[in-house]
Number of protein chains: 2
Amino acid sequence: MQNAREAPGNKHATGRVTIIDLAEHLGLAKGTVSRALNGYPDISDGTRLRVRNAADQLGYRPLSHAQAIRTGRVRSVGLVLQMNEHDGHRPFVADFLAGVSAAASAEDWSLTVATASSDAETLKLLDRLAQEKKADGFILPRTRLDDPRVNRLRETGTPFVLYGRTDDLTGCAWYDIESEAAMAQAVAHLVAQGHTRIGFVPGAEGYTYSKLRLEGYLAGLTGAGIAFDPELIAASAVAREDGAAAVGVLLDLPNPPTAILCSVDAAAAGTYDAARRRGLKVGSDLSVISYDGAPESQYLDPPLSTFTVDVRAAGERLANMLIRQCRGEDPETLRALAQATFRKGGSDGPAPHAA
Amino acid sequence: MQNAREAPGNKHATGRVTIIDLAEHLGLAKGTVSRALNGYPDISDGTRLRVRNAADQLGYRPLSHAQAIRTGRVRSVGLVLQMNEHDGHRPFVADFLAGVSAAASAEDWSLTVATASSDAETLKLLDRLAQEKKADGFILPRTRLDDPRVNRLRETGTPFVLYGRTDDLTGCAWYDIESEAAMAQAVAHLVAQGHTRIGFVPGAEGYTYSKLRLEGYLAGLTGAGIAFDPELIAASAVAREDGAAAVGVLLDLPNPPTAILCSVDAAAAGTYDAARRRGLKVGSDLSVISYDGAPESQYLDPPLSTFTVDVRAAGERLANMLIRQCRGEDPETLRALAQATFRKGGSDGPAPHAA
DNA sequence: ACACTTGCCGAAACCGGTTTCGTAGCGGAA
DNA sequence: TTCCGCTACGAAACCGGTTTCGGCAAGTGT
């Protein structure tokens, strides 16, 4: 009952201009204004234009939560980051965020993020954000083979997109980097330089990427016709110290590897430490290739040869997929696999002559 | 679960339980339920308890945007990150986010973030988020002496909290690390080790922290009774390469400094490069002290002596301040100054004997 | 016994949008 | 002319909460 408000506008003490202000200003019903702005077909082109002009002349912006109450959509992508322990992917969150945010902003969506330090907390946050409808759907980074988040979101019917693959992908939208291909390529590269004993440092257990990178390593060996030696698989390592320890074991073998392939850059940094402690020079005595493309790995001595990932692009793509899924597109049509690119440093070289 | 909802409820296909479902289940009016849950005084303790129990038994969670339409508050803190160029503070955003998010979650608030790559974009995003009411207020990191964001938000009356100080602090809530004290302390530390010619590498121009750290450096000199030599102020540097170039100029002086004090860790890394190129050994030939506490600076050789900042705590504190301000507390009572802590590495030592 | 508080809750307005429904006015076909 | 259908809009219901208002019943004072 928008009653006797003499002068249009200037109703609330606050400067907000509501859709009623706009409607009165135009001499239209608020419903008409709403339909005009939202592209309904039963509005004449003339009226639509008039409304649009008045809208951005008066600086009208609908309150997103006011629309949400009827539409059920808040135009927000959700992201719950789990950063336990000594996570080496910290450097990437900035770029990832930039990508997600950029893609969201382009569609006039926003980004709601939360951080957790355990699986339980992650699930609790996902629940809360979904229940309170702070986000329309979620991006799930760092997928595991058996991921509790997808199970949860599947139950509640909340849209989500995976950064990485998982065991059961039915009904899932996902984006991933084909790191298994990169690993195989790395092996081939090393073999071409004369290496035959190539150690491998796996990533964190349970994560899909770890399994895939190991598979890539194995595929690379097979492709090169090199027999697999289980002795050359080190312990998992995602932190520098762990990498040093894990690789140390390999280097102390009676017949040590001449090259190390790491699943993550942090482990590669540890590999440098392990080599240095044993008097081995990285790049000549010991070749190292890794995966991540962390900026600081350029500053190792020698600079690390590693596969870089366009994290920002991943964020953009994922946000886009999620938005489209929320708009009704079939998740299974929203999938993509990208490639990592090799960044040549000085850490790999020809195999040294046998002693 | 509690699904056996054939009687009351079961209205929507969706499984959401609304306040009406809850009211019917209890035989109360929905207004009564709302007041009971929101702590109004005109509800008997018995009823309040009954409502609360039923609420979390049925798993009722109000839609935040539905409440927002009446209350005007969405319970969300806003954060617009501006990451232009080669920003060295990327590693910190993860921890900062973790802090902000943790404090927000503790109050049942959420966090809305956006990223921009220019001042104009930052302002546009702030405007949009404020207009659409995606956030109740904003945290403004990396304040400048004359900050366009505070001007903008002041005009529109949007609550905000500064991470860092600015020129005109009237009506502002802020949190900052007293880096000027750290710088002065660093100078004193170096002087105590016999250094008398101490170079200084300023941070990015226009930012408050740069001015304050320079002031700290100068105060340190004064405190030690050392005359200020303008020649020892290098060019601004926030990236490794720039740091190397800037410090190179100082090292090539006829009477070069024996110690370098950097405003940021990235510049310190560049200082290492500059020293190495000139055959100087960091820690003995040239002492280096810096500020930031970037994790990777521990891996420089020798490990960097630097002042570390508890970025996560900063995020927590700022989120708290913003929430309290949104709840009506006077911004000028919401201020705090914290200290950085010195992390001794191997990059500083006694001054070498004069040639 | 009567007026007067309180305590406690129901009813309804309200927030700012979206969506449905009904209809006046107009043009074209019979 | 009359009937029909379509266009373009007004009016009102609606979304899910919050907040105001009014009133019943029990308790209090005198």
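Order of the sequence lines fixes the chain letters, A, B, ..., with proteins taken first and strands second; residue numbering starts at 1 for each chain.
Residue pairs meeting the ring-ring contact (aromatic ring centres under 6.0 Å, His included) criterion with at least one partner in residues 150-175 of chain B, sequence neighbours excluded, are B:Phe96-B:Tyr163. The salt bridge (charged side-chain N to carboxylate O under 4.0 Å, His left out) analysis of residues 43-53 of chain B, with sequence neighbours excluded, yields no pairs. Within the structure, the salt bridge (charged side-chain N to carboxylate O under 4.0 Å, His left out) test picks out the following pairs touching residues 95-106 of chain B (sequence neighbours left out): A:Arg90-B:Asp95.
For the pair B:Leu28 CG and C:dA11 P, the computed distance is 11 Å after rounding to whole Å. Per the geometry, CD1 belonging to A:Ile19 stands 11 Å off P belonging to C:dG16, to the nearest Å. In this structure, B:Ile69 places its CD1 atom 9 Å from C1' of C:dC14, rounding to the nearest Å. Atoms CG (B:Leu37) and C1' (D:dG16) sit 13 Å apart, rounded to a whole Å. When rounded to the nearest whole Å, the span between CG of A:Asp45 and P of D:dT7 equals 12 Å. We find that CG of B:Leu26 is positioned 17 Å from P of C:dC8, with the value rounded to whole Å. The interatomic distance linking B:Arg73 (CZ) with D:dG17 (P) rounds to 18 Å, in whole Å. Rounded to whole Å, atom P of D:dA8 lies 14 Å from atom CG of A:Leu49.
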Do any N or O atoms of the protein come closer than 3.5 Å to N or O atoms of nucleotides 19-22 of chain C, and which pairs are they?
{"from": "C:dT19", "atom 1": "OP2", "to": "A:Tyr40", "atom 2": "OH", "distance (Å)": "2.6"}
{"from": "C:dT19", "atom 1": "O5'", "to": "A:Tyr40", "atom 2": "OH", "distance (Å)": "3.2"}
{"from": "C:dT19", "atom 1": "O4'", "to": "A:Arg70", "atom 2": "NH1", "distance (Å)": "3.1"}
{"from": "C:dT20", "atom 1": "O4", "to": "A:Arg35", "atom 2": "NH1", "distance (Å)": "2.9"}

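Relative to the axis of its first five pairs, the axis of the last five pairs of the helix from C:dA1-D:dT30 to C:dA30-D:dT1 sits at 50°, rounded to 10 degrees.
Looking at residues two or more places apart in sequence or on another chain, you find a salt bridge (Lys or Arg N to Asp or Glu O under 4.0 Å) between B:Asp127 and B:Arg152. With sequence neighbours excluded, the residues that form a side chain to side chain donor-acceptor pair (under 3.5 Å) with A:Glu121 are A:Ser117. Partners of B:Arg61 according to the salt bridge (Lys or Arg N to Asp or Glu O under 4.0 Å) rule, which considers only residues two or more places apart in sequence or in another chain, are A:Glu132. Considering only residues two or more places apart in sequence or on other chains, A:Glu107 meets the salt bridge (Lys or Arg N to Asp or Glu O under 4.0 Å) condition with A:Arg327. For B:Asp176, the salt bridge (Lys or Arg N to Asp or Glu O under 4.0 Å) partners at least two apart in sequence or on another chain are B:Arg165.
Residues A:Thr158 and A:Phe138 meet the side-chain proximity criterion, which asks for heavy atoms closer than 4.5 Å.
Residue B:Gly27 is in sugar-phosphate contact alone, with no base atom involved, counting any heavy-atom pair closer than 4.0 Å across all strands shown.
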Check residues 65-72 of chain B and write down every donor-acceptor pair under 3.5 Å in which the side-chain atom is one partner and the other belongs to a residue at least two apart or another chain.
{"from": "B:Thr71", "atom 1": "OG1", "to": "B:Gln67", "atom 2": "O", "distance (Å)": "3.0"}
{"from": "B:Thr71", "atom 1": "OG1", "to": "B:Arg73", "atom 2": "N", "distance (Å)": "3.1"}
{"from": "B:Thr71", "atom 1": "OG1", "to": "B:Arg73", "atom 2": "O", "distance (Å)": "3.4"}

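Taking every heavy atom of residues 52-68 of chain A and every atom of DNA chain C, pairs under 4.0 Å involve A:Tyr60, A:Pro62, A:Leu63, A:Ala66, A:Gln67, by number.
We find the CG-CD distance between B:Asp136 and B:Gln325 to be 11.0 Å, quoted to the nearest 0.5 Å.
Within the 4.0 Å cut-off from OP1 or OP2 of D:dT7, not a single side-chain nitrogen or oxygen of A:Ser44 is found. The side chain of B:Thr47 contributes no N or O atom lying less than 4.0 Å from OP1 or OP2 of C:dC8.
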